[in-house]
Student: 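This structure is in structure tokens; I'll ask about it shortly.
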Amino acid sequence: MVPYIFGGGKPVLINPAECPLCGQQNRCAVHAGKPIEDCWCKKVSIPKALRDRIPPEKRAKACICRACVEQYQAQARLDT
């Protein structure tokens with residue numbers, strides 16, 4: 001885990017291998033030491049509205065997992 005101090009407050013521990021939305025493993029290829037081209041996220045579109053749900057202290061610190069992306073996309077299809 002990576003300690004990160006947000007807004008001058010108490011340090012927040014961020015695990016870059018965990019999804020910042022659900023806390024499950026995000027299976028990030030880059031975090032596993034592989035090239036970005038090998039990551040599942042390069043094959044899908046991650047909507048800005050979903051990225052905006054990431055808490056500010058976790059933005060650009062850990063990747064969203066595939067399950068959260070798929071759940072968001074399924075819900076978006078139902079809402080249309």
Side-chain angles (χ1 to χ4, degrees):
M1 284 194 243
V2 177
Y4 176 70
I5 299 176
F6 180 72
K10 186 177 176 183
V12 176
L13 293 179
I14 297 172
N15 184 342
E18 290 180 358
C19 175
L21 298 176
C22 72
Q24 298 300 311
Q25 293 293 304
N26 58 25
R27 306 203 187 288
C28 176
V30 174
H31 180 70
K34 298 178 183 175
I36 185 72
E37 295 78 23
D38 290 350
C39 200
W40 67 268
C41 71
K42 296 303 283 183
K43 299 168 183 69
V44 299
S45 174
I46 301 175
K48 181 181 181 321
L50 179 60
R51 294 190 315 266
D52 288 345
R53 293 182 181 182
I54 299 171
E57 68 273 13
K58 294 184 178 183
R59 290 185 184 157
K61 307 286 183 291
C63 298
I64 298 171
C65 71
R66 184 186 299 236
C68 283
V69 173
E70 290 174 353
Q71 181 179 10
Y72 179 87
Q73 292 171 334
Q75 186 61 49
R77 285 191 295 273
L78 291 175
D79 291 346
T80 57

Student: Is a side-chain N or O of R53 found less than 3.5 angstrom from the main chain of L21, in a donor-acceptor match?
Tutor: no
Student: If I take atom CD1 from residue I64 and atom CD1 from residue I46, how far apart are they, to the nearest 0.5 angstrom?
Tutor: 5.5 Å
Student: What distance do L13 atom CG and E57 atom CD have between them, rounded to the nearest 0.5 Å?
Tutor: 11.5 Å
Student: Kindly say whether S45 contributes a backbone atom to a donor-acceptor pair with the side chain of Q73 at under 3.5 angstrom?
Tutor: yes
Student: For the CD1 atom of I14 and the CZ atom of R59, what is their distance to the nearest 0.5 Å?
Tutor: 12.0 Å
Student: At their closest point, which heavy atom of C19 faces which heavy atom of C65, and how far apart are they?
Tutor: SG-N, 3.4 Å
Student: Check salt bridge (Lys or Arg N to Asp or Glu O under 4.0 Å) between D52 and all other residues, then give those that pass, not counting sequence neighbours.
Tutor: K48
Student: Would you compute the distance between atom CD of E18 and atom CD of Q24 and round it to the nearest 0.5 angstrom?
Tutor: 8.0 Å
Student: How would you list, by chain and number, every residue that makes a side chain to side chain contact (heavy atoms under 4.5 Å, CB included) with K43, sequence neighbours excluded?
Tutor: none
Student: Under 3.5 Å, which donor-acceptor pairs link side chains of residues 29-40 to any protein atom two or more places apart or in another chain?
Tutor:
| from | atom 1 | to | atom 2 | distance (Å) |
| --- | --- | --- | --- | --- |
| W40 | NE1 | N26 | O | 3.1 |

Student: Please check if atom CZ in R27 has more than 12 non-hydrogen atoms from other residues, nucleotides or ligands closer than 6.0 Å.
Tutor: no
